[in-house]
Number of protein chains: 2
Amino acid sequence: MTGTRRKLIEGTIEVLRTRGIAGTSARAIANAAGVNQALAFYHFGTVDNLVDVACRESTAELLSHYHDRFLSVTSLRELLTLGRELNVTQRDAGNVTVLAQVLAGAQQDGSLASAARHSLGLWVAEIEAVLHRVLADSPVLELASAGDLAQAVAATFIGVELYEGVEPDAAARVLDTFETLSVLAEVLDDLGPVARRALRARLRRHRRPAVG
Amino acid sequence: MTGTRRKLIEGTIEVLRTRGIAGTSARAIANAAGVNQALAFYHFGTVDNLVDVACRESTAELLSHYHDRFLSVTSLRELLTLGRELNVTQRDAGNVTVLAQVLAGAQQDGSLASAARHSLGLWVAEIEAVLHRVLADSPVLELASAGDLAQAVAATFIGVELYEGVEPDAAARVLDTFETLSVLAEVLDDLGPVARRALRARLRRHRRPAVG
DNA sequence: GTCTATAGAGGGATAGAC
DNA sequence: GTCTATCCCTCTATAGAC
């Protein structure tokens with residue numbers, strides 16, 4: 001690890017953020033990293049592999065940096081507030097944008113798909129742990145598992161990040177909207193035992209009767 | 001309109017779907033369209049402009065094709081069922097994938113951003129009309145406007161489409177999860193006037209006290 | 001480990017014949 | 001409107017000097 005590896009990885013993140021997956025090349029990366037272009041191939045073999053490694057490390061680092069914040073979340077609303085903070089704070093650092101770009105490239109490239117799957121898995125695991133803790137006594141978990149909900153949250157966050165690139169205000173409003181909707185979950189949690197039993201019965205009746 | 005224009009537009013859609021925004025070039029498009037490469041520039045000036053036009057027309061055509069289906073939706077759950085049908089039916093046609101790819105490219109390219117904004121606007125308008133009708137008497141609209149909700153739905157759908165490329169099963173489960181959660185809205189709608197008034201009071205109390 | 005130089009493919013875009 | 005041919009650029013990747 002000469003430092004060149006690090007420079008190349010950080011250069012890759014920067015290029016993915018500023019020029020997108022379509023503009024990510026060995027030359028652009030080397031230029032952003034301030035190293036010779038041939039070194040990308042010496043250290044990582046191919047550009048795809050460099051992007052793969054950079055995506056995994058970037059996600060792992062971001063999540064380890066925020067792990068304590070996730071641990072301190074005690075409600076659905078706080079989770080969404082943390083999501084909004086991540087959105088704002090990481091906008092310039094671009095870590096979430098990077099995942100979105102890799103995900104776009106992953107639709108056609110197996111190597112990128114593997115990186116995206118891995119990074120998304122890290123996000124989902126972190127979110128799932130929070131949901132499991134926060135919704136422990138909530139009727140919401142009778143509707144969907146913490147794992148399924150975590151994937152829904154992750155997918156939504158990716159969509160919001162992409163939306164943000166073309167309609168910044170709208171993206172912020174989407175996060176506000178979800179935060180506001182989370183009040184519904186809080187209301188459910190605050191119901192007394194009687195009302196709650198009635199709700200459960202109602203949910204059972206309403207559950208989708210068939211697959212279609 | 002010689003037919004060549006159409007061929008180029010359809011070729012662009014196909015290339016965006018099969019090779020992604022990073023693999024979309026005049027040569028690839030002309031090859032998919034079965035026409036000469038120079039014609040892309042004769043008819044559209046630049047590749048960016050061709051992608052722009054193709055994205056807009058593809059979205060408009062898809063939505064006009066589904067307009068009656070949107071009109072026939074009478075509940076939140078039906079809207080999500082239609083979303084799932086769109087996801088399955090259009091997976092091969094790839095119209096939604098195209099929008100996701102253009103959206104990824106739009107993060108760095110102004111021309112693509114304009115196309116993505118326009119296409120997303122068409123989607124949001126269609127969804128907003130449905131929500132406005134379907135939620136007319138629902139307490140949900142006291143939490144968020146139909147327009148804000150429509151943007152949230154659109155952003156989520158984009159995220160799901162990208163998720164699908166790396167975890168097909170997970171993406172299907174995300175759509176199921178949202179459909180299941182829509183039961184909550186139905187439960188709210190079915191409340192009697194007394195319980196409803198109580199809920200309203202509760203929501204007012206729970207509304208986020210500050211911006212943070 | 002790092003550099004220069006380059007091969008070889010593919011890219012955007014144009015000129016000019018038809 | 002359509003074609004061929006081409007310019008010039010950028011790309012991945014490698015060879016070989018240091």
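From a predicted model like this one, the values you see are computed outputs, not experimental measurements. Chain identifiers are assigned alphabetically (A, B, ...) following the order of the sequence lines, protein sequences preceding nucleic acid strands; residue numbering begins at 1 within each chain.
For residues 97-108 of chain A, there are no salt bridge (Lys or Arg N to Asp or Glu O under 4.0 Å) pairs, not counting sequence neighbours. Screening residues 125-136 of chain B for side-chain hydrogen bond (donor to acceptor under 3.5 Å, both in side chains) gives B:H67-B:E126 as the qualifying pairs, with residues at least two apart or on separate chains. Residue pairs meeting the salt bridge (Lys or Arg N to Asp or Glu O under 4.0 Å) criterion with at least one partner in residues 95-121 of chain A, sequence neighbours excluded, do not occur; the list is empty. Applying the side-chain hydrogen bond (donor to acceptor under 3.5 Å, both in side chains) test to every pair with at least one member in residues 11-22 of chain A, sequence neighbours left out, gives no pairs at all.
Taking atom CD1 of residue B:I29 and atom C1' of nucleotide C:dG12, one finds them 12 Å apart after rounding to whole Å. Regarding A:Y42, its OH atom lies at a distance of 14 Å from the C1' atom of D:dC18, rounded to whole Å. The CZ-P distance, from A:F41 to C:dT4, rounds to 16 Å in whole Å. Note: CZ (B:R5) to P (D:dT2) measures 12 Å, nearest angstrom. Distance A:D48 CG to D:dC11 P: 15 Å, rounded to the nearest Å. Atom P of nucleotide D:dA13 and atom CZ of A:F44 are separated by 14 Å, given to the nearest angstrom.
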Give me, pair by pair, the N or O atoms of the protein and of nucleotides 9-11 of chain C that are less than 3.5 Å apart, along with how far apart they are.
{"from": "C:dG11", "atom 1": "OP1", "to": "B:S25", "atom 2": "OG", "distance (Å)": "3.2"}
{"from": "C:dG11", "atom 1": "N7", "to": "B:R27", "atom 2": "NH1", "distance (Å)": "3.3"}

Using atom names, set out every protein N or O paired with an N or O of nucleotides 3-5 of chain D below 3.5 Å, distance rounded to 0.1 Å.
{"from": "D:dT4", "atom 1": "OP2", "to": "B:N36", "atom 2": "ND2", "distance (Å)": "3.2"}

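Within the 4.0 Å cut-off from OP1 or OP2 of C:dT2, at least one side-chain nitrogen or oxygen of A:T4 is found.
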Only distances under 3.5 Å count here; give the side-chain donor-acceptor pairs of residues 143-166 of chain A to other protein atoms, sequence neighbours excluded, each with its distance to 0.1 Å.
{"from": "A:S145", "atom 1": "OG", "to": "A:D148", "atom 2": "N", "distance (Å)": "3.1"}
{"from": "A:D148", "atom 1": "OD1", "to": "B:R173", "atom 2": "NE", "distance (Å)": "3.0"}
{"from": "A:Q151", "atom 1": "OE1", "to": "B:R173", "atom 2": "NH2", "distance (Å)": "3.4"}
{"from": "A:T156", "atom 1": "OG1", "to": "A:A152", "atom 2": "O", "distance (Å)": "2.8"}
{"from": "A:E161", "atom 1": "OE2", "to": "A:N87", "atom 2": "ND2", "distance (Å)": "2.6"}
{"from": "A:E164", "atom 1": "OE1", "to": "A:N87", "atom 2": "ND2", "distance (Å)": "2.6"}
{"from": "A:E164", "atom 1": "OE2", "to": "A:R91", "atom 2": "NH1", "distance (Å)": "2.3"}

Side chains of residues 39-53 of chain A: which donor-acceptor partners sit under 3.5 Å, not counting sequence neighbours?
{"from": "A:T46", "atom 1": "OG1", "to": "A:N49", "atom 2": "N", "distance (Å)": "3.1"}
{"from": "A:N49", "atom 1": "ND2", "to": "A:F44", "atom 2": "O", "distance (Å)": "2.9"}
{"from": "A:D52", "atom 1": "OD1", "to": "A:R56", "atom 2": "NE", "distance (Å)": "2.5"}

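Taken to the nearest 0.5 Å, the NE2 atom of A:H118 stands 12.0 Å off from the CG atom of A:L99.
Applying the salt bridge (charged side-chain N to carboxylate O under 4.0 Å, His left out) rule to A:E85 yields the partners A:R69; only residues at least two apart in sequence or on another chain are considered.
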